[in-house]
Amino acid sequence: MTGNHQTPALLLFSVFVAVTLGITTWVSRNRHGSAEEFYAGGRLFSPMENGFAIAGDYMSAASFLGVTGLIALFGYDGLLYVVGFLVAWLVVLFLVAELVRNCGRFTLADVVAARMSERPVRIAAGTSSVTVSVLYLVAQMVGAGSLVALLLGDTGEAARSWAVIGVGALMVVYVSLGGMRATTWIQIVKAVLLLGGTVVLTVLVLVRFHGDFDQLLRTAADRSGHGAAFLAPGLKYGGDWTARFDFMSLGLALVLGTAGLPHILSRFYTVPTAQAARRSAVWAIGLIGGFYLMTIVLGFGAAAIVGPQAVRGSNASGNTAVPLLALDLGGGADSTGGTVLFAVVTAVAFATILAVVAGITLASSASVAHDLYASLRRRNAQPRSEVTVARVAAVGVGVVAIGLGLLARDLNVAFLVGLAFAVAASANLPVLLYSLFWRSFTTRGAVWAVYGGLVPALALVVLSPVVSGSPESLFPDVDFQYFPLQNPGLVSIPLGFVAGWLGTVTSAEIADEAKHAETEVRSLTGAGAA
């Protein structure tokens, strides 16, 4: 990109970073340092505020950049992500939101440990939560690298590496200084900006085609080079039975994974009541549903207006389809309108990444401090010292995420998020559902459910085409590919549920009926909830 594009986009970047740092500084001066304040923002947010924050947390770089890029490149098959991301919220609304708010305090492990032996359960759930969070963070880092490389016109490794490092540094500042309260307001601001920018782009795409969506689809199909196949299933996932199983695996991971994401579950602790948690989910579904409908228009709009070849030429995985679409809709590379619209969209996308990484980092640092540290080091850790550990953990998580983000910088961000969803659905969802609904569930069952899903999911990813054996792999020059699917969910999710069942039925421990009854009453009524 030329200097004409760089200047306004960098200016908008700077404005957003300055505003969010201002929010963080203001919040840090008004906090009292308690664990409830740091992890849950004092539980003072309204359902509407929390709904916007959830939407801001969920509408990540995978949604804005990755999904639209996949639709632009693969047409109908890219829509799987839209459907999966949205349908997943029905699972959250009906099975998770209210019950989790009633049963826990700050993390997933709080829900499970309510009726189990705390130490082994907290270690297992904390390990799983940190793993899922780091995988999710990697996707955001990759998105940041793609954006800045496009902005600066420098696709070299150095530009993307510095972008990843910069995002990591900012997220550590947000979390360590401001905690949940600052993170929430950053997510609300980001949600408003993202929805506003998406509405503008959607309207401009529809105006370009005079409101005729059918003409938009036909033009996209013609420019794709695939003709009618662009609008039919199978372009990406229908080539053979392996691709079809990969399609099913990805769909299963997307639908079930949201209910196991630590940073989404932690948002339900920021409202005062379970009813407010459910209303937050309803607000989030409305906002997220509208957003994903618009991403369909943007994806096909990028294919029709920019063209898949140009999208792929800018970024092989399609991560820059939306900024390129904005440039064209504004009047082209040399126009003032194109420059301004490009700058706005890239700034909004960058804001999206900053807000999401802040939420994920907070959730993972909470798991390290509240679950792992409290279990392994000091069984009776004081809240203030626990918060200090959480701030230090944010730095460690940031460093790990930066390192992995540099390694995976050439992969599609939506695809990377799909892997995180698969691990969440394999390790976190089984133990969560068993704890809430199975009367006979035991400590061994809980530990086995977590590790029985987590270990196979990670092992299958390592042995998959994602890591080795193909030109698109992380390590294309070596081949230890023994698992044919790119997403492990089809195998690892059932394994998590089976491991939890097997651990329970082989355990000598007798489930505590009284604790289950207490948990059941609290989850359904909110009696005794934090």
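Inter-residue side-chain proximity for Arg122 and Asp110 is flagged as met; some heavy-atom pair is nearer than 4.5 Å. Annotation: side chain of Leu325 is in contact with side chain of Ile305 (closest heavy-atom distance under 4.5 Å). Here the side chains of Phe421 and Asn487 are not in contact, with every heavy-atom distance at 4.5 Å or above. Residues Leu341 and Leu204 have side chains in contact (heavy-atom distance under 4.5 Å, counting atoms from C-beta outward).
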Are Phe45 and Arg181 close enough, and set up right, to give a side-chain contact (heavy atoms from CB on, under 4.5 Å), and what steps lead you there?
CA-CA 9 Å; Phe45 292 100; Arg181 194 184 295 268; 4.0 Å; yes

Test side-chain hydrogen bond (donor to acceptor under 3.5 Å, both in side chains) applied to Ser133 and Ser364, step by step:
CA-CA 6 Å; Ser133 297; Ser364 56; 4.6 Å; no

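Screening Leu70, Ile71, Leu65 for a side chain to side chain contact (heavy atoms under 4.5 Å, CB included) with Val67, the sole residue that qualifies is Ile71. The side chain to side chain donor-acceptor pair (under 3.5 Å) test with Asn50 is passed by exactly one of Asp57, Thr270, Thr184: Thr270. Residue Val322 forms a side chain to side chain contact (heavy atoms under 4.5 Å, CB included) with just one option from Leu327, Leu201, Thr295, and that option is Leu201.
Here the shortest heavy-atom pairing between Ala88 and Thr258 reads CB-OG1, 3.2 Å. Of all heavy-atom pairs between Ser435 and Met116, the closest is OG-CE, 4.4 Å. What you find for Ser128 and Val450 is that their closest heavy atoms are CB-CG1, 3.7 Å. Summarising the geometry of Gly257 relative to Ala424, their closest heavy-atom pair is O-CB, 3.7 Å, with the distance given to 0.1 Å.
A centroid separation of 6.0 Å or more is found between the aromatic rings of Tyr81 and Tyr292.
Proximity of a side-chain donor or acceptor of Tyr269 to a complementary backbone N or O of Thr107 within less than 3.5 Å is detected. In this structure, the side chain of Thr127 engages the main chain of Ile123 through a donor-acceptor pair within 3.5 Å. Under the 3.5 Å distance criterion, the side-chain polar atoms of Ser266 are matched with a main-chain donor or acceptor of His263.
Using the six-membered ring where Trp is involved, Tyr58 and Phe85 have ring planes that are perpendicular, over 60° apart on the 30 and 60° scheme. Between Tyr434 and Trp438, the two ring planes are tilted [angle within 30° to 60°].
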